[in-house]
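Worksheet: the structure to be examined is printed underneath.
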Amino acid sequence: MTTTYNAMELMICVASRELEDGSTLAVGTGAPCAAAMLAQRLNSPNLSILFEAGSVSPQLPEMPISVGDSRASHKAVMVSTMGAIMETCQRGYVDYTFLGGAQIDMYGNLNSTFIGGTHQKPKVRFPGSGGANDFGSFCWKMMVLTVQDARRFVEKCEFITTPGWLSGGNSRYEAGLPEGTGPYKVFTNMAVMDFEPESRRMRIISINPGYSVKDVQDNCGFELLKAPKITETLPPTEIELKILREEVDPHRYVIGR
Amino acid sequence: MTTTYNAMELMICVASRELEDGSTLAVGTGAPCAAAMLAQRLNSPNLSILFEAGSVSPQLPEMPISVGDSRASHKAVMVSTMGAIMETCQRGYVDYTFLGGAQIDMYGNLNSTFIGGTHQKPKVRFPGSGGANDFGSFCWKMMVLTVQDARRFVEKCEFITTPGWLSGGNSRYEAGLPEGTGPYKVFTNMAVMDFEPESRRMRIISINPGYSVKDVQDNCGFELLKAPKITETLPPTEIELKILREEVDPHRYVIGR
Amino acid sequence: MDIIRKGRGELFTDPDPDHARAFFQKKSRKMVNKSMTLAKAIETFVHDGEYFALGGFGANRTPIAACHEMLRQRRKNMGFCGHTSTHDFEILCAGEVFDRVDAGYIVGLEARGLSPCARRYMQTGKVKVTEWTNYSISARLRAAAMGVPFIPTRNLLGTDTFECSAAKIIECPYTGKKLALHPALYPDVGIIHVHESDVYGNVRVRGILKSDNDLARASKRVIVTCERLITNEEIRRDPTETTFPYFLVDAVCEVPYGGYPGTMAYEYFSDEEHLREWLKAEEDPDVFKDFLQRNIYDCKDHHEYINKNGGMEKMLQLRTIEHLLHKEGKR
Amino acid sequence: MDIIRKGRGELFTDPDPDHARAFFQKKSRKMVNKSMTLAKAIETFVHDGEYFALGGFGANRTPIAACHEMLRQRRKNMGFCGHTSTHDFEILCAGEVFDRVDAGYIVGLEARGLSPCARRYMQTGKVKVTEWTNYSISARLRAAAMGVPFIPTRNLLGTDTFECSAAKIIECPYTGKKLALHPALYPDVGIIHVHESDVYGNVRVRGILKSDNDLARASKRVIVTCERLITNEEIRRDPTETTFPYFLVDAVCEVPYGGYPGTMAYEYFSDEEHLREWLKAEEDPDVFKDFLQRNIYDCKDHHEYINKNGGMEKMLQLRTIEHLLHKEGKR
């Protein structure tokens, strides 16, 4: 029997498996939040979600539209301030974050500020950091969930909004960012990538069903490294899809994109 | 008709007159708190009291034993943290504070840490700063309410716990303390003193009934300056004494000392 | 402890705590009735050219009514604190109220997408931008609320966000670590929408607070809009519930549904349909002009805006959604 | 931004945020039942030689039961955070539990006077002291709670308190002002007495909080003693009420009257008569030895101590005083 699923469903299911029980996660709205909700309903009931607006460990009844809306603090154990949440991250209590951006480079640096023109007169203005630079600086493992596209995966971000491994090697820690933090994995519709431990360059570790290493490289604006052994990504399971579709996102806000 | 009163009653009544309506005051327990309560009940119903434990604008039903006890936050408009209170002072919102100490010198510096021996092996250990250094650094006008005694009014504090005018002149601001702050008045059983604006040395401005300038100087360990015109302190009024005795301190916790 | 590197962004406000102290010293601490209309509050306490900040997070507990009033009163040339700003930013761009912005989060509406109007305005080059992060702006308000000129943090480091900020990197004299110093941010005026306030400005907020505790403390002047006035007796009955005290506050305006079309936790959910109308109308500047005329400039006040968009019936629906009452029996 | 001056006091704890982060990274975030006896909690989480701090202000909401248990378990050679400490300090000196102290407020009991026992111990020269102020210690806990190595403040300047502290004075790179840097204080263990907690350690405090929000966040391990356990459902019913969350907490001990003979706001007032007994007994070291034997060392737990000093009847009296019920009809 073949299970069908779309790219977004695949990314959410694969990403959600990283979130082990008893870990903490700082996250925004959209696909990352869906991944967290799925994890909570499957293998990680003790996954604690923190939203930058102030909510700690909510029990999400449905997808929040805003990380500050009342869904995002539903049956939370605490609601507090942005300072309290960010300080919890800065203090070293938060294991994971999921981020995105208009551009990502080979070191996992992210651009969500502008593209084209100049900073003071940009061609296309984006929201800026929001909490991304903060989460990407403070959380132990930063993950990215995005579509594989050569315009998005660029040689060099026009603007580094959020730090990845900066210029690779030890540059992140030399800049003063907290020891032991950094980009961990990237999930796309085509593959899963991590970062090679010495150079800190992005490398393919797993290919999603139906794609090849070439597909991934063709849709990437820089040369990807390859892990010694590239595995095939386990596709979404029946139960993952069922819960994702019926409980996490019944209105298809995210998985319908 | 002559009204009789003791030294503590006099000091409290005279000090309370400084607290004009609509001002803010950071204060501890004891005589200063009695002065604040008296002011609230007479001319300054809008006097806002802040206690370092976290209480803002309480309506004190009786004298608190501790600035953190439930009396001290009775019908407060807010209870919060020590940080919130101290930051309110540091931000410039608090007009007055009353402090005391084992020693005070001619520049209004206060010692509440130790006397005799060394810091690590003191002859007599006192509580240390508590919130005194903080209030004395941050509040606009620092006042002192204490008994006139040559062992207390010393040439030089053995240890400056809380900053007065330091070594006089502009030294307080050169040390970095907030502009415009500093010791304002000293109330004793014998006199009221302020600080001469140039040298910042303590000077007599008013003599309490029954005492002379000589009495004050004889009970002071350093030479006091004298204001161009020294007035006679207005003694406690009938109404001040009545409210102090019947409403503020009916159990004579403070005025019975 | 030399400065290792300085961001090249412009600092739009004065971080000097003694200058702020001199202002706060003169501010009245009297507990007097400060209730007034929102129009009067904006007229009295918000001036062209000044720097302002808004409470709330995104379109949650955001003083939307106050934003509309600022447009009606044609405020211009202001500096704005773009801290988690979404629908508020969209409105303020529509009125071209500000010409300089500290950018934490701007032009977006979280999961709802990006505002065409806000992007157009930000792409004109007419707006000076200094980049920060959401936490950076929290930290700057925290420093001001503390009454110190800066706070050190560990974000910004290594990024262009830092390069376009006004932060400074130093080496910690205790640990040798690099830290980003964030200068205190004292807005001229802060506007905060809350659940409850007494007429003196003792305020209660329920649910997430974002940075509004510090915003109230950092702002030189504070306008509070509230869902409802409560008595001072109620405030004093349980002072643990108070979020910030009266002496910070200059004006208290009772504006029920003052956060509409955003969410007000425990009161009403956002009107997503109407927020989509905004985004749709913005696509065509002419259409948008008419939309603004009808929804803001032709309205006497926020109630007229609400009446044009569903009135009390809509408010009751949003209350039902907020309380998940449509789900009763399902979970 | 050179260091202008350094206090000569010893820094008893490591202000490095990366060392603290490494500890916090390994700390479990699982929401598991952490309820246990106080004896077990002290045995498991408080070790000789470590640095500890207590919640509460003076003798208000102070974990007195935990202090007694530390004496019964003969903890020694510890470092102590003397932040607004009063009756707790008096007990700990009686047990000679610590040999180094950060002094904000010590040896006194506010309006009650000074502790002869605490003063004797502090005058022996056996205790290393670094001076601070109450706000200084708040600021140091705040820095640790933030996860940064220091916070700048404007107190301490110009005084001997600074000279005997471990603060450092620098010049502000934004304003040129002198500031006192306060190094982060991460206690090995913090013990906090609260009104309510669930078994996971989600905690509610009513009334003044002093610095306990930051103490819980700054401490590597946290023991909570509570007047009563409540359900997690109750916590989640109104998350605005939560003071700090479960993942900070290692042990939850239900200890009714755990702050006796101090005050617990909204619960019971202090037993002033018994506190005077302490001060009186301390005057004669032999008398005091017997007093301690009877009230601490011979007691199985805090309830036995309470039973020896009036039991439930006394607790009801203190509740009456707390609620000013003796005044009903008079005001």
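Just so it is clear: chains get the letters A, B, ... in the order the sequence lines come, proteins before strands, and each one is counted from 1.
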Atom of [X], atom of [Y] and distance for their closest heavy-atom approach:
| X | Y | value |
| --- | --- | --- |
| C:Arg21 | B:Trp140 | O-CZ2, 3.3 Å |
| C:Val148 | B:Gln90 | CG1-NE2, 3.5 Å |
| B:Ala76 | C:Pro239 | O-CB, 3.3 Å |
| B:Lys75 | C:Arg236 | O-NH1, 2.6 Å |

Exercise. Looking at C:Asp18, C:Val32, C:Asn202, which makes the most heavy-atom pairs under 4.5 Å with chain B?
Worked result: C:Asp18

Exercise. Do you know which of C:Ala145, C:Ala144, C:Pro245 has the most heavy-atom pairs with chain B at a distance under 4.5 angstrom?
Worked result: C:Ala145

Would you say [atom1] of [X] has more than 12 non-hydrogen atoms from neighbouring residues, nucleotides or ligands within 6.0 angstrom?
| X | atom1 | answer |
| --- | --- | --- |
| C:Arg5 | CZ | no |
| C:Tyr266 | OH | yes |
| C:Lys27 | NZ | yes |

Problem set entry | Contacting region of C:Thr240 [heavy-atom separation from chain B under 4.5 Å] | both

Exercise. Between C:Arg142 and chain B, which part of the residue has a heavy atom less than 4.5 Å away: side chain, backbone, both or neither?
Worked result: side chain

Seminar exercise, completed: Given the options C:Phe247, C:Phe244, C:Tyr246, B:Val77 meets side chain to side chain contact (heavy atoms under 4.5 Å, CB included) only with C:Tyr246

Problem set entry | Leading residue by heavy atom contact count with chain C [cutoff under 4.5 Å; candidates B:Arg91, B:Met86, B:Glu179, B:Glu87] | B:Arg91

For this session: Select, from B:Cys89, B:Ser57, B:Ser73, B:Ser23, the one with the greatest count of heavy-atom pairs under 4.5 Å involving chain C.
Result: B:Ser57

Exercise. Roughly how far, to the nearest 0.5 Å, is the CZ atom of C:Arg217 from the OG1 atom of B:Thr88?
Worked result: 6.5 Å

Exercise. Roughly how far, to the nearest 0.5 Å, is the CE atom of C:Met31 from the CG atom of B:Leu47?
Worked result: 11.0 Å

